[in-house]
Amino acid sequence: MTCSSQPNSFLNKAIEFPSPAKINLFLHIVGQRDDGYHNLETLFQFIDHSDILTLTVTEKASIDLLTPLEGVNNDDNLIVKAAQLLKRKTKTPFGVKISINKILPMGGGLGGGSSNAATILVALNTLWQCRLSTSDLAILGLSLGADVPIFIYGFAAFAQGVGERLTAMDPEEPWYLITKPECSISTQQVFTAVDLPRNTKKLSPSALDTTDFLNDNFHNDCQSLVIKHYPEVAKLLAWLVEYAPSRMTGTGACVFTRFSSQKEACSLQAKLPKGVSSFVARGLNKSPLCSVMTRLSLNK
């Protein structure tokens with residue numbers, strides 16, 4: 001597959017794209033596959049808090065990341081890997097200069113790296129005039145990480161398999177206080193841990209009819225393991241649940257606490273213990289990247 005040969009109207013224009021965070025309202029591990037990956041049942045929701053990627057299409061064919069992440073080689077960065085993958089797939093003659101304003105914490109379970117990769121695939125598909133379908137992009141994204149497709153599709157969803165089988169959902173969009181203690185957690189270490197629960201019973205379709213996914217019928221199977229090995233997360237969770245429903249997202253270390261108003265979330269934020277980083281954000285059932293891509297297509 002090749003990109004369009006028409007003149008590129010985006011050439012040399014610096015354009016900003018959001019790369020939003022996600023939370024897992026619950027995360028059940030229902031089995032392990034022969035290839036070592038895990039079968040999951042989880043509910044993804046976006047939150048209104050994003051890294052910002054600035055992309056400039058160039059006639060020079062190189063992919064240049066202008067803002068390397070500390071401790072991460074550019075060639076190992078999912079941002080670069082995603083751009084290289086799309087370039088190989090489409091044989092585009094164009095290149096791109098990329099910079100990132102990184103505000104999502106690494107090792108927090110908010111999907112920052114996967115979101116960055118998805119934003120690159122979605123944005124460059126338009127900027128490079130590649131014309132791949134969303135499903136094509138999702139297949140490419142899955143090769144980079146199990147969470148990448150949800151950011152490509154851009155809607156809140158119940159996910160099964162390794163996270164690639166998505167069913168659109170419309171959960172409530174409350175306010176969240178997102179907190180993170182002074183630690184980062186390796187996803188790989190969590191999923192390879194011997195004592196990780198791997199046999200949660202699959203949900204019945206009727207179970208998803210609820211409006212409260214923080215009730216006792218749902219949980220995060222990674223949470224019990226993480227709080228056993230990371231006392232900082234255990235201490236923070238124990239403190240938060242005294243005030244409002246709280247749960248760890250993904251493999252941690254971030255915890256989300258649900259509120260009906262921004263004021264309530266900010267009120268608790270002001271009381272947080274020292275050493276805890278935090279932000280307040282609204283839950284979103286549609287990725288903010290979708291709105292940017294729609295405006296971009298209308299302004300072409």
Side-chain angles (χ1 to χ4, degrees), residues 1-4 17-25 27-30 33 35-47 50-51 53 55 63 77-92 94 96 98 100 104 109-171 187 191 208 249-251 284-297:
M1 182 176 293
T2 58
C3 292
S4 170
F17 298 89
S19 183
K22 60 80 180 169
I23 56 175
N24 300 84
L25 295 182
L27 175 56
H28 298 175
I29 303 174
V30 298
R33 306 177 348 167
D35 61 7
Y37 286 93
H38 292 78
N39 286 319
L40 311 174
E41 290 187 336
T42 187
L43 180 52
F44 289 109
Q45 187 176 44
F46 302 101
I47 53 175
S50 304
D51 291 337
L53 288 164
L55 309 184
I63 294 166
N77 192 311
L78 282 176
I79 291 171
V80 176
K81 286 185 173 182
Q84 291 173 337
L85 182 62
L86 186 65
K87 188 172 180 64
R88 288 195 302 270
K89 173 73 173 177
T90 61
K91 299 179 175 59
T92 178
F94 298 111
V96 65
I98 306 168
I100 180 170
L104 300 181
L110 298 175
S114 294
S115 180
N116 293 164
T119 294
I120 288 293
L121 291 174
V122 171
L124 287 182
N125 185 51
T126 293
L127 298 183
W128 282 346
Q129 302 174 331
C130 297
R131 300 179 180 176
L132 268 64
S133 68
T134 302
S135 58
D136 287 337
L137 292 175
I139 292 170
L140 285 180
L142 186 60
S143 70
L144 297 170
D147 285 353
V148 178
I150 185 65
F151 290 105
I152 289 174
Y153 282 110
F155 52 76
F158 174 58
Q160 298 168 283
V162 297
E164 84 286 6
R165 290 162 46 202
L166 303 175
T167 303
M169 296 285 291
D170 190 30
T187 297
F191 277 112
L208 298 173
T249 178
T251 54
L284 300 173
N285 292 337
K286 185 177 180 180
S287 168
L289 179 60
C290 296
S291 300
V292 172
M293 298 311 300
T294 298
R295 290 198 301 270
L296 202 61
S297 63

Main-chain N/O of Gly109 paired with Thr251 side-chain donor or acceptor, under 3.5 Å | no

Side chain Thr90, main chain Leu86, donor-acceptor under 3.5 Å = yes

Going through the checks in order, is the side chain to side chain contact (heavy atoms under 4.5 Å, CB included) test met by Phe17 and Met293?
-> CA-CA 8 Å; Phe17 298 89; Met293 298 311 300; 3.6 Å; yes

Residues Asn285 and Gln45: closest non-hydrogen pair is OD1-NE2, 2.9 Å

Is the shortest heavy-atom distance from the side chain of Leu296 to the side chain of Leu127 under 4.5 Å?
-> yes

Check: Gly112 main-chain N/O paired with Asn116 side-chain donor or acceptor under 3.5 Å | yes

Backbone N/O of Ser19 and side chain of Asp51: donor-acceptor pair under 3.5 Å = no

Would you mind writing out the side-chain donor-acceptor pairs for residues 147-167 within the sub-3.5 Å range, not counting sequence neighbours?
residue	atom	partner	partner atom	Å
Glu164	OE1	Val162	N	2.8

On a heavy-atom basis, the closest approach of Pro288 and Ser50 is CG-OG, 4.0 Å

CG of Leu25 to OG1 of Thr42: how many Å apart, nearest 0.5 Å?
-> 7.5 Å

For Phe94 and Val96, run side chain to side chain contact (heavy atoms under 4.5 Å, CB included): C-alpha distance rounded to whole Å, both residues' side-chain angles, the deciding distance at 0.1 Å, then the answer.
-> CA-CA 7 Å; Phe94 298 111; Val96 65; over 6 Å; no

Kindly indicate whether the side chain of Asn125, heavy atoms from C-beta on, has any atom under 4.5 Å from the side chain of Asp136.
-> no

4.5 Å side-chain heavy-atom contact, Thr119 and Ile79 = no

How long is the span from the CG atom in Leu142 to the CG atom in Leu137, to the nearest 0.5 Å?
-> 12.5 Å

With a 4.5 Å limit on heavy-atom distance, are the side chains of Ser143 and Leu85 in contact?
-> yes

Is there side-chain contact between Asn39 and Ile29, with at least one heavy-atom pair below 4.5 Å?
-> no

Under the 3.5 angstrom rule, does the side chain of Lys286 hit a backbone N or O of Phe46 as a donor-acceptor pair?
-> no

Indicate the atoms forming the closest heavy-atom contact of Ala82 with Leu121, along with that distance.
-> O-CD2, 3.5 Å

Point-to-point distance, once rounded to the nearest 0.5 Å, from CG of Leu55 to CH2 of Trp128 = 9.0 Å

Is there side-chain contact between Pro18 and Val292, with heavy atoms separated by less than 4.5 Å?
-> yes

With no hydrogens and no angle check, is any side-chain donor or acceptor of Asn24 less than 3.5 Å from a backbone partner on Gly250?
-> yes

Worked verdict on Ser133 versus Ser135 for side chain to side chain donor-acceptor pair (under 3.5 Å) | CA-CA 5 Å; Ser133 68; Ser135 58; 3.0 Å; yes

Any idea which heavy atoms bring Ala117 and Leu144 closest together, and the distance?
-> CB-CD1, 4.2 Å

For Lys87 against Ile63, the heavy-atom pair lying closest together | CD-CD1, 4.0 Å

Compare all side-chain heavy atoms of Thr249 with those of Lys22 and state whether any distance is below 4.5 angstrom.
-> yes

